[in-house]
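Have a look at the structure below before the remarks.
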Amino acid sequence: MIFRTPLRTPTLVGVTEDYVRPPTVALPPPDHRMAMWRFRIVVGAMLFLLIVIIVLVARAIVHQGDGTGTVGMSRHDIVAISLR
């Protein structure tokens with residue numbers, strides 16, 4: 001029976017470490033209820049932000065002109081068009 005030394009990666013002489021990694025400590029699985037609430041809060045905040053942006057854009061479109069509520073036209077433009 002021939003005994004062979006295990007193959008090692010080439011290293012510098014006297015620089016090798018004899019560090020042994022400690023065993024991994026098992027942790028309990030994360031709480032799924034907390035993840036669900038975190039998801040609900042994030043999605044709710046995103047929907048709220050989307051609704052606010054839509055409302056602000058709609059108000060900006062509706063209130064263009066002199067503030068009468070006509071979309072994109074002032075009252076003077078409507079009168080000028082109707083008098084032609």
Side-chain angles (χ1 to χ4, degrees):
M1 190 150 56
I2 300 173
F3 293 102
R4 294 173 48 173
T5 59
L7 296 175
R8 290 185 167 185
T9 58
T11 58
L12 296 175
V13 177
V15 182
T16 60
E17 295 182 10
D18 293 329
Y19 178 75
V20 177
R21 206 161 97 185
T24 306
V25 178
L27 297 175
D31 188 16
H32 293 289
R33 286 179 283 152
M34 192 66 187
M36 285 298 296
W37 278 108
R38 192 168 41 242
F39 174 78
R40 290 174 184 164
I41 290 171
V42 169
V43 169
M46 289 172 47
L47 285 175
F48 178 75
L49 183 64
L50 180 66
I51 289 170
V52 167
I53 290 172
I54 289 172
V55 167
L56 290 176
V57 168
R59 285 181 57 175
I61 291 172
V62 169
H63 293 298
Q64 284 179 344
D66 62 354
T68 58
T70 56
V71 178
M73 302 178 88
S74 67
R75 180 172 286 172
H76 303 296
D77 294 334
I78 296 172
V79 170
I81 291 172
S82 64
L83 292 178
R84 289 186 191 177

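The figures that follow rest on heavy atoms only: side chains count, while hydrogens, waters and symmetry mates do not.
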Would you say that more than 12 heavy atoms from the other residues, nucleotides or ligands in this model lie under 6.0 Å from the CZ of R40, or not?
yes
Under 4.5 Å between side-chain heavy atoms, chaining through other members, with only Ile, Leu, Val, Met, Phe, Trp and Tyr counted: pull out the rest of the cluster around I41, sorted by chain and number.
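Same cluster as I41: nobody, lone residue.
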Which other residues end up in the same hydrophobic cluster as M36, if Ile, Leu, Val, Met, Phe, Trp and Tyr are linked when side-chain heavy atoms come under 4.5 Å apart?
none
If the condition is salt bridge (Lys or Arg N to Asp or Glu O under 4.0 Å), which residues does R38 pass it with, not counting sequence neighbours?
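Per chain and number, R38 pairs via salt bridge (Lys or Arg N to Asp or Glu O under 4.0 Å) with no residue.
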Joint cluster assignment, L47 & V55, ILVMFWY side-chain distance < 4.5 Å
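Cluster IDs for L47 and V55 differ.
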How many angstroms lie between atom CG of L56 and atom CD1 of I51, to the nearest 0.5 angstrom?
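These two atoms lie 12.0 Å from each other.
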